Amino acid sequence: MKKDFLSITDLSREEIEDILQLSAELKEKTKKGKSPHLLSGRSVALIFHKPSLRTRISFEVGLNQLGGRGVYITDQEIQLGRRESIHDAAKVLSRFVEAIMIRTFSHRDVEELAKWAEVPVINGLTDLLHPCQVLSDLFTIKEKRGELEGLKIAYLGDGNNVANSWLNASLRVKLDLRIGTAKGCEPNREILTTAQNAGPSRVRLFYDPREAAEGADVVYTDVWASMGEKERFNEKAQLLREFQVNRELLTYADPHCLVMHCLPAERGREITDEVIDGPHSVVFDQAENRLHLQKALLVKLLGDG
Ligand code: CP
Ligand code: NVA
């Protein structure tokens, strides 16, 4: 049966471990210029209704390195749900490609696409979730720290798709997850409650950024206004101004902490230049790892893992 990846919770703990392991193997081989052609002759539709640098290029280059190809499609072409129904587009695409990656606004649209597609559907970001990002971040943290269990992860800023995916990750990996945000910017209520009650992790919400950052092994942030809600930037910036990741805030974290940002960053807003370019920052390794992780994910979902 085909397997979709719409949320981190679509994977078991064992499947996550397998993907992280395969990512490490593929990364090592790629660095030696020997990326195996595990997806030779396979095509993946890459549908983008929002801009992208990392997601688009890492999927396209990753598929290329695996001997397959990505077909980049914008909303201009298929006009999903307008020119034809999601049902019909899903059925037709399934006759042409071996998987569909989609970045769009509505998470429900992606669920609808996955419901009708006969090939795996991968969520490349919705307003609700960004699972490829956080799965890749688990890989980066494991690579840097050697383990994930019990790490203190402080996510500071807007309770957005990335924060929601961190909450989902805490259902599969035992973490001390601390979300530091302002009133009015909290993550999805249902996802937060599930993470707090159902998983193996300790999950807490703080309205004080210093409390959230206290002793953190990882200090993570993201833009204050996501794609599709940039008109709310001033409002969000006002609410979240205390949550900027800067030198002063880092003094509360563990002295060896990693600083992470999924990028793109709005430098000088949610994070200072000094911190994003400083010694704790791993943001460019983090960006690179999207490539290795997604290659492993594709190999697993397309059945050759
Ligand atoms: N982090 C991330 O998904 O980047 P893009 O929006 O550039 O794809
Ligand atoms: N939360 C951000 C992530 C960008 C990769 C957004 O949705 O715009």
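Small disclaimer: the values here were computed from a predicted structure and weren't measured. Side chains included, hydrogens not; waters and symmetry mates left out as well; all remaining heavy atoms used.
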Tell me, with the steps shown, if Leu93 and Val119 meet side chain to side chain contact (heavy atoms under 4.5 Å, CB included).
CA-CA 9 Å; Leu93 281 170; Val119 295; over 6 Å; no
Derivation of the salt bridge (Lys or Arg N to Asp or Glu O under 4.0 Å) call for Arg178 and Glu211
CA-CA 9 Å; Arg178 311 149 79 92; Glu211 273 184 52; over 6 Å; no
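- Remark: Ala114 engages Lys2, Asp4, Leu6, Val121 in a side-chain contact (heavy atoms from CB on, under 4.5 Å) (not counting sequence neighbours).
- Remark: Glu25 does not engage Lys29 in a salt bridge, criterion side-chain N to carboxylate O under 4.0 Å.
- For the residue pair His261 and Glu270, a side-chain donor N or O sits within less than 3.5 Å of a side-chain acceptor on the partner.
- The main-chain N or O of Ala225 is found under 3.5 Å from a side-chain atom of Lys230 such that the two form a donor-acceptor pair.
- Of the listed residues (Thr74, Thr126, Asp127), just one forms a side-chain hydrogen bond (donor to acceptor under 3.5 Å, both in side chains) with Lys50, and that residue is Asp127.
- For Thr194 against Leu171, the heavy-atom pair with the smallest separation is O-CD2, 3.8 Å.
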Test salt bridge (Lys or Arg N to Asp or Glu O under 4.0 Å) applied to Glu15 and Lys300, step by step:
CA-CA 9 Å; Glu15 286 170 325; Lys300 290 286 179 194; over 6 Å; no
Can Leu135 and Phe5 be said to form a side chain to side chain contact (heavy atoms under 4.5 Å, CB included), step by step?
CA-CA 11 Å; Leu135 193 58; Phe5 181 60; 3.7 Å; yes
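- Atom CD of Glu266 has more than 12 heavy atoms from other residues, nucleotides or ligands within 6.0 Å.
- The shortest non-hydrogen separation linking Cys262 to Asp222 is SG-OD1, 3.3 Å.
- Not a single ring-ring contact (aromatic ring centres under 6.0 Å, His included) links Trp224 to another residue, sequence neighbours left out.
- Within the structure, the salt bridge (charged side-chain N to carboxylate O under 4.0 Å, His left out) test picks out the following pairs touching residues 77-86 (sequence neighbours left out): Asp75-Arg82.
- Contacts of Phe105 classified as ring-ring contact (aromatic ring centres under 6.0 Å, His included), with partners at least two apart in sequence or in another chain: none.
- Val44 and Val110 are assigned to two separate hydrophobic clusters, defined by single-linkage of ILVMFWY side chains at heavy-atom distances under 4.5 Å.
- Evaluation of the ring-ring contact (aromatic ring centres under 6.0 Å, His included) rule for Phe206 yields no partner, not counting sequence neighbours.
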When you look at Asn246 and Glu274, which way does the side chain to side chain contact (heavy atoms under 4.5 Å, CB included) test go after all the steps?
CA-CA 7 Å; Asn246 55 33; Glu274 181 181 39; over 6 Å; no
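- In this structure, Arg56 fails the cation-pi test against Phe48, since its NZ or CZ atom is not both closer than 6.0 Å to the six-membered ring centre and inside 45 degrees of the ring normal.
- The minimum heavy-atom distance linking Leu66 with Pro36 is given by the pair CD2-O, 3.5 Å.
- The number of heavy-atom neighbours closer than 6.0 Å to OH of Tyr72, taken from other residues, nucleotides and ligands shown, is above 12.
- Looking at Ser35 and Lys295, their side chains come closer than 4.5 Å, going by heavy atoms from C-beta outward.
- Every ring-ring contact (aromatic ring centres under 6.0 Å, His included) that His87 has, sequence neighbours left out, goes to Trp116.
- Leu46 and Gly70 get closest at one heavy-atom pair: CD1-CA, 3.9 Å.
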Could you go through the salt bridge (Lys or Arg N to Asp or Glu O under 4.0 Å) check for Lys31 and Glu28 one step at a time?
CA-CA 5 Å; Lys31 295 280 182 197; Glu28 201 182 323; over 6 Å; no
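- Minimum interatomic distance between Asp176 and Arg204 (heavy atoms only, all atoms of both residues): OD1-NH2, 3.3 Å.
- Using a 4.5 Å heavy-atom cutoff, the side chains of Leu129 and Ile191 are in contact.
- In terms of heavy-atom proximity, Gly157 sits nearest to Thr181 at O-OG1, 2.6 Å.
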I'd like to know whether Lys115 forms a salt bridge (Lys or Arg N to Asp or Glu O under 4.0 Å) with Glu111, so could you lay out the CA-CA distance, the side-chain angles of the two residues, the decisive distance to 0.1 Å, and finally the verdict.
CA-CA 6 Å; Lys115 180 175 168 190; Glu111 288 174 338; over 6 Å; no
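- Counted within 6.0 Å of CZ on Arg108, heavy atoms from surrounding residues, nucleotides or ligands total 12 or fewer; the atom is thus considered open.
- Gln76 CD: 12 or fewer foreign heavy atoms inside a 6.0 Å radius.
- A 4.5 Å side-chain heavy-atom check between Asn289 and Glu143 finds at least one atom pair inside the cut-off.
- Of the N and O atoms on the side chains of Thr9 and Asn168, not one donor lies less than 3.5 Å from an acceptor on the other residue.
- Between Thr55 and Cys132, every side-chain heavy-atom pair lies at or beyond the 4.5 Å cut-off.
- Here the side chains of Gln244 and Arg269 are not in contact, with every heavy-atom distance at 4.5 Å or above.
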Kindly determine whether Asp277 and Ser281 satisfy side chain to side chain contact (heavy atoms under 4.5 Å, CB included), including the steps that lead there.
CA-CA 6 Å; Asp277 297 324; Ser281 172; over 6 Å; no
